[in-house]
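Working notes for the structure below.
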There are 2 protein chains.
Amino acid sequence: MDTRSEARPAGARRLPRSLSVADELRAAVIAGEFGPGERLQEVRLSKRLGVSRTPVRLALQALAADGLLEHAPRRGYSVRRFDATEILNAFEIRAALEGLAARFAAERGLEEAARARLEAILAEGDALLSRGELPEGSRPAYIRMNAAFHEALHGASGSRMLGEMLRLSQNLPLSSHHHVVAFEYRRVRRRHDDHHRILEAVLRRDARRAENLMCDHVASIKAGLTGVAGP
Amino acid sequence: MDTRSEARPAGARRLPRSLSVADELRAAVIAGEFGPGERLQEVRLSKRLGVSRTPVRLALQALAADGLLEHAPRRGYSVRRFDATEILNAFEIRAALEGLAARFAAERGLEEAARARLEAILAEGDALLSRGELPEGSRPAYIRMNAAFHEALHGASGSRMLGEMLRLSQNLPLSSHHHVVAFEYRRVRRRHDDHHRILEAVLRRDARRAENLMCDHVASIKAGLTGVAGP
DNA sequence: GCCGGCGATATTGCATACAATCCTCCCCTC
DNA sequence: GAGGGGAGGATTGTATGCAATATCGCCGGC
């Protein structure tokens with residue numbers, strides 16, 4: 001019998017609370033629960049989250065480092081405002097970084113585990129799209145699959161710095177732009193086919209092609225955005 | 001006379017100590033004062049810096065967010081190890097980001113103040129190099145001028161996210177690579193001429209050319225590095 | 001002689017108290 | 001009535017105490 005079972009009754013938390021607080025706050029900010037420019041006060045958040053100011057303060061600083069919050073000395077933290085230009089720039093940045101990740105992955109070559117994972121992800125996407133449509137209910141699964149593909153490729157790039165920057169480039173509060181990617185079948189199908197081509201190029205060690213394909217891929221996502229200074 | 005001179009006797013600090021602590025620690029880590037993998041303990045640093053653990057803790061987290069430190073729960077912070085590959089990758093990343101910054105600046109166009117500042121910086125560089133050599137004593141001035149040029153262009157890009165990522169891409173502890181840029185007059189002259197061409201392209205609003213020139217510029221810096229897995 | 005459990009010590013994580021500063025609003029003066 | 005100054009409250013920055021946990025050396029058993 002585990003003698004420590006009484007010491008960890010239910011939650012069995014092994015991670016510092018400041019990390020979960022940071023995750024919770026990050027999700028809330030990205031979800032747009034705090035309007036642009038809204039101040040985040042330590043005491044209020046402490047009460048809301050049921051912890052003291054200390055972990056809240058750490059979490060706020062982490063979010064500021066992620067670019068989601070602004071910090072003014074003696075004035076605390078507030079939600080950063082993003083205008084349409086910054087959103088579009090972020091996609092340009094992401095395009096360049098994703099292209100770089102694909103290039104690095106192609107130059108390094110994929111380990112067997114990474115190759116298997118990427119192929120499994122693509123197979124899952126194939127299945128989701130095999131019926132010639134993407135029903136509303138399958139969107140969450142598709143979104144997860146899509147994110148998993150990109151994340152797996154980030155990992156395969158072998159550059160931690162690049163992965164971290166890619167994470168930053170996608171940390172944008174939805175409230176300030178309402179960007180929504182298009183989910184028409186044709187567009188989704190096209191994007192998934194892009195993924196197939198990209199993986200193929202990576203497997204062939206064709207770094208230049210992998211980079212260009214990925215760059216164009218993200219650029220096309222940007223072009224397909226709706227709600228950002230649209231006509 | 002400053003009426004507040006008595007209220008702020010000596011230090012005249014208006015910024016939180018945690019910020020200066022972070023700057024000090026960052027400089028120390030980048031300067032390589034803490035060998036790769038070395039643990040940074042809160043109490044030790046508190047005593048060394050003469051502050052309590054609280055600001056030290058904040059500073060450590062900030063440095064971890066910058067990618068300079070690693071953090072393991074219940075085990076604290078330690079200096080990240082960078083191998084030669086990560087260093088070289090960082091230059092590739094920086095090349096892509098600097099290229100993007102030049103492109104953004106060209107697309108937006110420079111405001112009068114930015115144009116004047118960049119031209120002043122280049123003029124300073126011209127003066128430093130006008131004698132056909134770069135004496136040892138002028139290197140610090142040249143290094144500052146060079147950094148100022150890039151920073152001014154980052155600002156002119158109009159993307160805060162990009163500027164932040166560029167900062168991250170240059171946050172590397174020297175101890176783990178000993179990268180040293182070449183200071184032979186011919187190379188320095190060439191790099192300075194690159195800057196002239198880049199500014200010219202930006203002023204002409206030739207975004208594509210500006211991006212390519214900048215990208216090649218940084219790539220040539222990478223190629224000129226000494227001490228990173230060199231032959 | 002080597003491995004595994006165990007306890008002392010050191011270190012981090014969190015909570016809270018205190019200090020410094022800023023913001024707000026009221027009152028006083030012109 | 002408008003503007004400036006000041007008092008009070010609110011909020012952040014810092015210090016410190018306590019609890020939980022990891023590290024490391026020691027001892028016993030095999």
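Naming convention: chains lettered A, B, ... in sequence-line order (proteins, then strands); numbering from 1 in each chain.
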Original post:
Which one, D:dT16, D:dA15, D:dT12, comes nearest to the side chain of B:Pro55?
Top reply: D:dA15
**OP:** Can you tell me the distance, in whole Å, between the CZ atom of B:Arg17 and the C1' atom of D:dT12?
**Re:** 15 Å
Original post:
Should A:Thr54 be listed as having a side-chain N or O under 4.0 Å from OP1 or OP2 of C:dC14?
Top reply: no
**OP:** Answer yes or no: does a side-chain N or O of A:Arg57 lie under 4.0 Å from OP1 or OP2 of D:dG13?
**Re:** yes
Subject >> Whole-Å gap separating C1' (D:dT12) and CG (A:Leu69) >> reply: 15 Å
Original post:
Between B:His150 and B:His217, does a side chain to side chain contact (heavy atoms under 4.5 Å, CB included) hold up when you go through it step by step?
Top reply: CA-CA 11 Å; B:His150 284 276; B:His217 173 65; 3.6 Å; yes
Original post:
Counting only N and O atoms by type, is there a donor-acceptor contact under 3.5 Å from the side chain of A:Glu38 to the main-chain atoms of A:Gly35?
Top reply: yes
Original post:
Hey, does the side chain of A:His71 come within less than 4.0 Å of D:dG13's phosphate (OP1/OP2), counting only N and O?
Top reply: yes
**OP:** Could you tell me whether A:Arg39 contacts a base, only the sugar-phosphate backbone, or nothing, with contacts defined as non-hydrogen atoms closer than 4.0 Å?
**Re:** sugar-phosphate
Subject >> Candidate nucleotides D:dG13, D:dT16, C:dA15, ranked by approach to the side chain of A:Arg53 - the nearest >> reply: D:dG13
Subject >> Ring-face cation of A:Arg108 near A:Phe104 (centre distance under 6.0 Å, axis angle within 45°) >> reply: no
Original post:
To the nearest angstrom, how far is B:Leu45 atom CG from D:dT14 atom C1'?
Top reply: 17 Å
**OP:** Counting heavy atoms from C-beta on, name the nucleotide in C:dT12, C:dT16, D:dT12 closest to the side chain of B:Gln41.
**Re:** C:dT12
Original post:
Yes or no on salt bridge (charged side-chain N to carboxylate O under 4.0 Å, His left out) for B:Arg115 and B:Glu119, after CA distance, side-chain angles and deciding distance?
Top reply: CA-CA 6 Å; B:Arg115 186 186 67 75; B:Glu119 289 181 343; 2.6 Å; yes
Original post:
Which nucleotide sits closest to the side chain of B:Glu42: C:dA15, C:dT12, D:dG13?
Top reply: C:dT12
**OP:** Please work out if A:Arg75 contacts a base, only the sugar-phosphate, or nothing of the nucleic acid, heavy-atom cut-off 4.0 Å.
**Re:** sugar-phosphate
Original post:
Could you state the OH-P distance from A:Tyr77 to D:dT12, rounded to the nearest angstrom?
Top reply: 10 Å
Subject >> Carboxylate-amine/guanidinium proximity below 4.0 Å for A:Arg17 and A:Glu24 >> reply: no
**OP:** Record whether the side chain of A:Arg74 comes under 3.5 Å of the base of D:dT12 through a donor-acceptor pair of N or O atoms.
**Re:** yes
